[in-house]
Amino acid sequence: MTMLTVNNVTTVCHPLCEHNLGIIRDKDINSDCFKNSMRRLSTILILEATKDLPLKKYTVQTPLTSCKVNKINDEYKIIFAPILRAGLAISDVASEIIPDASIQHIGMYRDEATLEPVWYYDKTPVSYQNPENIKVFILDPMLATGNSAHAAVSLFLKKGINIKNIVFVCILSSPKGINLLTKDFPDLRIITAKTDDRLNEKGYIVPGLGDAGDRLFNTFEK
Ligand code: URA
C-alpha cells in the first residue's frame, strides 16, 4: 500500500480507497452500498493503523511438529474506541479483525450552535491498569472540526495512556480537524483515506459525504 505520511498524518493511497470513496460520496447510492463501502474502507484503514502492533514469539503444535510463531503480544491490551454513532462502522470491522480487542464506546454529539462536543456516554474505565501496555484506536469516520476527536484523545491522556500509543482513524478529514490535532498532539498518529477541502458553516466536510451517522443508520427526516 502506498502511504503519504506528513506530521504523523498518514493518508492511505490505494485504488480501492479511491473507488470506495467515490461510492460513499454519491448521495444517490442505496444504504447497502454505502455501508459496504464504509466497511471496505475501514478494513484498509485498520490494517494500516495496526501495522505496528507488538508481536511475541509463541510455540504451537502443528499437526506435524512444534514450531515458533508470532502472535500479537498478549501483554498488551488493544482498545477500539468508536465515537458514537458513526464510529461503529469502523469498530464493527476492527473487532472482526482483532476479536480479542476491548470495544470502549464514547458518546458525543455536536452542539449545533457551538459545534462543541457534548458527552453523553463514556464506557472507558475510571482508570487503566498498566496504561503503558495499552494501545488505543479512536474511531470516527469524519474528522471535521476536530473538537470531538480532541476531547476523545484528551480523555485517554488523562487516564494515563501515552500519546504514542493512541491512533486516530478516520475515513475523511478536514484541514481544520487535522491542524487542531497535530498542533495540540504532535505525536498522535492519524490515519485517513482523504483530506477534503474545507468545512461549511455547519461544520460539515466539503465535498464530504454528508452526515455519516444518518447515512449509516437511515435516520434522515423525510
Ligand atoms: N460529521 C459527519 O457525519 N459529516 C461531516 O461532514 C462532518 C461531521
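Whatever order the structure lists ligands and atoms in, that order sets their numbers, starting from 1.
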*asked:* Could you check whether atom NZ of K159 has more than 12 heavy atoms from other residues, nucleotides or ligands sitting under 6.0 Å from it?
replied: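 Yes.
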*Which atoms of ligand 1 sit under 4.0 Å from any heavy atom of A212?*
2 (C), 3 (O)
_Quick check on contacts: which atoms of ligand 1 are under 4.0 angstrom from a heavy atom of R110?_
8 (C)
*Would you mind checking which non-hydrogen protein atom is closest to atom 5 (C) of ligand 1, with the distance to 0.1 Å?*
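Of the protein heavy atoms, Y204 CD2, 3.4 Å lies nearest.
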*Would you mind checking which non-hydrogen protein atom is closest to atom 6 (O) of ligand 1, with the distance to 0.1 Å?*
I205 N, 2.8 Å
*Between H105 and Y121, what is the ring plane arrangement, given parallel below 30°, perpendicular above 60°, and tilted in between?*
tilted
*Applying a strict 4.0 Å limit to heavy atoms, is G210 in contact with ligand 1?*
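In this structure, G210 qualifies as a contact of ligand 1 - some heavy atom is under 4.0 Å.
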*Assess G203 for proximity to ligand 1: is some non-hydrogen atom of it under 4.0 Å away?*
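Yes, G203 has a heavy atom closer than 4.0 Å to ligand 1.
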_Residue pair G213 / A86: nearest heavy atoms and the distance that separates them_ =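 Between these two residues, the closest heavy atoms are N-CB, 4.0 Å.
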*Please report the shortest heavy-atom distance between C67 and T62, naming the atom on each side.*
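Looks like SG-CG2, 3.8 Å.
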_When you compare ligand 1 with M142, is there at least one nitrogen or oxygen pair between them that comes in under 3.5 angstrom?_
no
*Structural part of A144 in contact with ligand 1, heavy atom criterion under 4.0 angstrom*: side chain
*Measure the spacing between CZ of F34 and CZ of R215 and express it to the nearest 0.5 Å.*
4.5 Å
*Could you go through the side chain to side chain contact (heavy atoms under 4.5 Å, CB included) check for L180 and T145 one step at a time?*
CA-CA 8 Å; L180 179 72; T145 61; over 6 Å; no
